[in-house]
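First the proteins, then the strands, lettered A, B, ... as listed; each starts at 1.
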Protein chains: 2
Amino acid sequence: MSTDPLSTTLHALADPTRRGILARLATGEATVGELAEPYDMSMAAISKHLKVLEKAGLVEQGREAQWRPRRLNPAPLRELDAWLGEYRKLWEARLDRLEHYLRHLQGRSDA
Amino acid sequence: MSTDPLSTTLHALADPTRRGILARLATGEATVGELAEPYDMSMAAISKHLKVLEKAGLVEQGREAQWRPRRLNPAPLRELDAWLGEYRKLWEARLDRLEHYLRHLQGRSDA
């Protein structure tokens, strides 16, 4: 597996359980037990998913007392957004062309 | 491996060679030979990467004659962008708070 930071981020996100954990953390900090609740999975399986997210820097561990809540770190998502930005103009240009073409068709049917 | 469409897209993007192929196709159609050129890899390895991109719907094959150029389909990237949009407000809010805090510090040093 590739280990450049963007590949690590994308690999971490390529799983619905891990995206579910991020969605939960987007609403606020949570303990491992709270994160595991919606899933019919062993705590070991959830911990493994969390490790992948932590390795990618998407999830951080708080230092508070024993229960060490996890929190979301959006920085790697911002990097992904910057990468995606290069392609945004591509699909926007395609949508513009499609809109232009539809207007052209409409103009002809109006005539 | 998970097979929901977004996981398939993210998995396909989690490799620098595959992202390189997409970047090349963002500039226009290309044959497999042209796509392979920058890489010190066998054609079999490049074809395997292309298959992953095609399975994710990120790359399409043209129907033109023998050489069947590949082209980029940005639709799965737009889906990823929509998913990422939910988190965009999160990091924007953090940047706003940081900016607010820096202004507050500056205000104090100006006084």
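Remark: A:R24 engages no residue in a salt bridge (Lys or Arg N to Asp or Glu O under 4.0 Å) (not counting sequence neighbours).
Between A:L77 and B:W83 there is a side-chain heavy-atom pair separated by less than 4.5 Å. The side-chain heavy atoms of B:Y87 and A:L22, taken from C-beta on, include a pair separated by under 4.5 Å.
The residue from B:L6, B:T9, B:L13, B:L10 that alone fulfils the side-chain contact (heavy atoms from CB on, under 4.5 Å) condition with A:L13 is B:L10.
Residue pairs meeting the ring pair (Phe, Tyr, Trp, His ring centres under 6.0 Å) criterion with at least one member in residues 90-109 of chain A, sequence neighbours excluded, do not occur.
Contacts of A:R19 with chain B are made by both backbone and side-chain atoms, with heavy-atom separations under 4.5 Å. B:L84 touches chain A through its side chain: at least one heavy atom from C-beta onward sits under 4.5 Å away, while N, CA, C and O do not. Interface remark: B:A23 contributes backbone and side-chain atoms alike to the contact with chain A (heavy atom separation under 4.5 Å).
For the options B:E92, B:R18, B:R88, heavy-atom pairs under 4.5 Å to chain A are most numerous at B:R88.
Note: the hydrophobic cluster containing B:V52 does not contain B:M41 (ILVMFWY, side chain heavy atoms under 4.5 Å, direct or indirect links).
With rounding to the nearest 0.5 Å, the separation of NE2 in B:H11 from OG in A:S7 is 11.0 Å.
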